[in-house]
Every structure is written in structure tokens, then in C-alpha cells.
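To start, the structure itself, in C-alpha cells.
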Amino acid sequence: MICQRHDFATLNQCCRSLAEHIVATARQCVAQRDLFTLVASGGSTPKSLYRLLAAPGFAEQMPWQQTHLFWGDERCVAADHPDSNFRMVKEALLAQGGPVAPTVHRMPGEMTPREGAAAYEKELRTFFGSGGHETISWPVFDLILLGLGSDGHTASLFPDSPALAEQTRWVTATSPGILDPQVDRLTLTIPTINNGTEVIFLVAGAEKKALAERILTDRQASTLYPAARITSQSKLLWYIADA
Ligand code: 6PG
């Protein structure tokens, strides 16, 4: 596994470089097998990235027709709730019109957490297992975007959560961590994320940059921060903006 770090002075520069990487990766995946599976991260930092991917210069470069869009985690709220990660991605990316028309696999945050996790796992197993009759252990997403919480969480994998020990399910439900919003969540599990081909953290701000550096350098970090338990099958990239 290749682990690379890319530092930028501003979030705009960081997102522009990351958008170029996503487009290049998407086009390479589509050239090879006419498909690109992308996992969106939630929160607020990636809004700038999603807006860029929907803007001229990037939108027409992306192979949206062959792109399948998934979520790494979701808050257990309605799809139009202000805290919904689906709503955030819809407003920043999907509703921008133009060529942006991926196939959307929304996490059903409106269901009860247990039902929502089971339903999304079923959708993933159908998508990744479709065709062959073989059961596969883990899905292989082409590119998984992740954020970093100030407590070291990623997706909705919070410190001390039982979800950190999940080694069978692809998707699980979690209680809220210490950070807002204080609602139950749905999240991809660590083995699901770590089976992704490329996993990319997008981090912005001095506090999170310092946390990212601890995660990248402190061998004990994995005992403290869930994000430090994340690996990948090919590349683990950190896109870090100072501000
Ligand atoms: C969520 C996210 C979460 C997020 C981090 C960073 O549902 O909140 O998936 O993992 O990526 O909390 O969030 P910010 O980008 O808003 O700081």
C-alpha cells in the first residue's frame, strides 16, 4: 500500500488538486472496466470539492454515466434534513445540473438505524455481487473519500465505538459520538473501507492538520483515533489544507 501526503496552503488549492486526481482515477477506471465506484464523505469540508466537481472544467471531464456514487456514512435523519449527508452532496454536486448524473446509492437515513444498515448492506451486496453467484467477503470501491473529526473519527466510526470491532458486516449502525449532530448514524465498517482500492482523506485547518500529523507519525495513534486504523488495498492519500 502506498501512503502519500499532499499539503496545500488553501482548501481551494487542495480541492482543485483532489478533483483533478478524482477525474483522472475515474477516467482510468472507466477505460478499464466501464465503471467507477466513488464513496462520498459527509460533513462540511468536502462541499468545496463537490462544488468543484460539478463546475465547468471538471464536470464535463468526469464519466458520470459510468459513475456509481455511494456514501461512507449518513446521519439517521430524513434525506431533506439539514444534517443529512445526502442533502449536502445533493446541494453541492447532484443538483448542479449539467452532465452531473451518476447513479446514486443513497444511505437510507430515514429508516431505523438497524434497518437502514441492513438495507444498505443488501444494496451493496447486490451491486458488488451481481453477476457471479459467488459470495464476496468485502466490496471493492474504486475511491473512498473520508473526512477527519476533531476526535479522530472518520465516517461515523467514533472513538470507543463497538463499530470499530465489526469484522463481518459491511455497514453498521452507530450511536452518536461526542460531536454534533447528536443523532444515530449509518457507517461503512473498517474492513469495508480498508478493502477500497484508493482511500483519500480530505482535511482542512490547523487543528485537523496537527491531528493528521499525529495519525501519520504516532504508532500508538490507532489505539486513540479510528482514522488511524484506515488503510487501503492500493493507495492511502492525505490531502491536507492549512486553512
Ligand atoms: C459526518 C462525516 C464525518 C466528517 C468529519 C469531518 O457525517 O460528519 O462523515 O466523518 O467527515 O466529521 O467533518 P467536517 O468536514 O465537517 O469537519
Side-chain angles (χ1 to χ4, degrees), residues 2-28 36 38-64 67 69 71-73 75 82-100 102 142-157 179-181 193 196 198-218 221 225-228 230 232 234-243:
I2 298 169
C3 183
Q4 290 176 339
R5 170 181 173 166
H6 302 274
D7 287 274
F8 301 86
T10 69
L11 181 57
N12 185 49
Q13 291 167 344
C14 186
C15 289
R16 186 162 291 278
S17 176
L18 179 49
E20 288 167 358
H21 177 81
I22 292 170
V23 168
T25 303
R27 293 172 71 89
Q28 185 179 32
F36 176 54
L38 173 63
V39 176
S41 63
S44 57
T45 302
K47 288 179 189 173
S48 307
L49 173 65
Y50 300 146
R51 290 191 189 107
L52 209 49
L53 285 172
F58 289 101
E60 69 279 3
Q61 298 298 319
M62 270 292 288
W64 297 109
T67 297
L69 183 64
W71 273 254
D73 69 321
R75 289 82 178 272
D83 287 337
S84 164
N85 284 333
F86 169 77
R87 172 173 159 171
M88 181 273 288
V89 175
K90 179 180 177 184
E91 290 175 346
L93 178 66
L94 303 174
Q96 298 303 319
V100 181
D142 293 314
L143 196 155
I144 301 174
L145 290 170
L146 294 174
L148 178 65
S150 56
D151 60 352
H153 83 262
T154 192
S156 284
L157 298 161
L179 302 174
D180 290 336
I193 295 170
E198 278 198 21
V199 177
I200 302 180
F201 282 94
L202 173 59
V203 174
E207 178 192 9
K208 292 196 180 172
K209 177 175 181 176
L211 178 54
E213 286 176 342
R214 282 203 299 279
I215 288 169
L216 285 166
T217 56
D218 179 354
Y225 311 119
I230 298 301
S232 75
S234 172
K235 288 184 185 176
L236 177 61
L237 308 179
W238 287 80
Y239 278 73
I240 303 173
D242 289 338

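What you are looking at is a predicted structure, and each value in this text was computed from that prediction instead of being measured.
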Are more than 12 heavy atoms, taken from residues, nucleotides or ligands other than E207, located less than 6.0 Å from that residue's CD atom?
no
Crowded around K209 NZ? As in, over 12 foreign heavy atoms under 6.0 Å?
yes
Separation of [Y] [atom2] from [X] [atom1] (nearest 0.5 Å):
| X | Y | atom1 | atom2 | value |
| --- | --- | --- | --- | --- |
| L143 | Q28 | CG | CD | 11.0 Å |
| L49 | L18 | CG | CG | 5.0 Å |
| L94 | R87 | CG | CZ | 13.5 Å |

Minimum heavy-atom distance between [X] and [Y], given as atom pair plus value:
| X | Y | value |
| --- | --- | --- |
| S48 | C15 | CB-SG, 3.8 Å |
| T154 | A227 | CG2-CA, 3.9 Å |
| S156 | D73 | OG-OD2, 2.6 Å |
| V100 | L93 | CG1-O, 3.6 Å |
| V89 | S41 | CG2-O, 4.4 Å |
| T45 | A204 | CG2-CB, 4.0 Å |

With a 3.5 Å cut-off and no angle check, do the side chains of R5 and Y239 form a donor-acceptor pair?
no
Go through L38 and T25 one step at a time and tell me if the side-chain contact (heavy atoms from CB on, under 4.5 Å) criterion holds.
CA-CA 10 Å; L38 173 63; T25 303; over 6 Å; no
Scan residues 143-153 for pairs that pass side-chain hydrogen bond (donor to acceptor under 3.5 Å, both in side chains), counting only residues two or more places apart or in two chains.
D151-H153
Okay, side chain of [X], backbone of [Y]: is any donor-acceptor separation there less than 3.5 Å?
| X | Y | value |
| --- | --- | --- |
| N85 | G43 | yes |
| R75 | D83 | yes |
| R27 | Q61 | yes |

Assess whether side-chain contact (heavy atoms from CB on, under 4.5 Å) is satisfied between E198 and I144, documenting all intermediate values.
CA-CA 6 Å; E198 278 198 21; I144 301 174; over 6 Å; no
[X] side chain near [Y] side chain, heavy-atom distance below 4.5 Å:
| X | Y | result |
| --- | --- | --- |
| Q4 | I2 | yes |
| K235 | C3 | no |
| L202 | C14 | yes |
| Y225 | R214 | yes |
| V199 | V39 | no |
| L145 | I22 | yes |
| R16 | L52 | yes |
| F36 | M62 | yes |

Evaluate I230 against I215 for side-chain contact (heavy atoms from CB on, under 4.5 Å), listing each step before the verdict.
CA-CA 10 Å; I230 298 301; I215 288 169; over 6 Å; no
Name the orientation class of the two ring planes belonging to F201 and W238 (parallel below 30°, tilted from 30 to 60°, perpendicular beyond 60°).
parallel
Take the angle between the ring planes of W71 and F86 and call it parallel below 30°, perpendicular above 60°, tilted in between.
tilted
Residues that T10 engages under side-chain contact (heavy atoms from CB on, under 4.5 Å), provided they are two or more places apart
N12, Q13
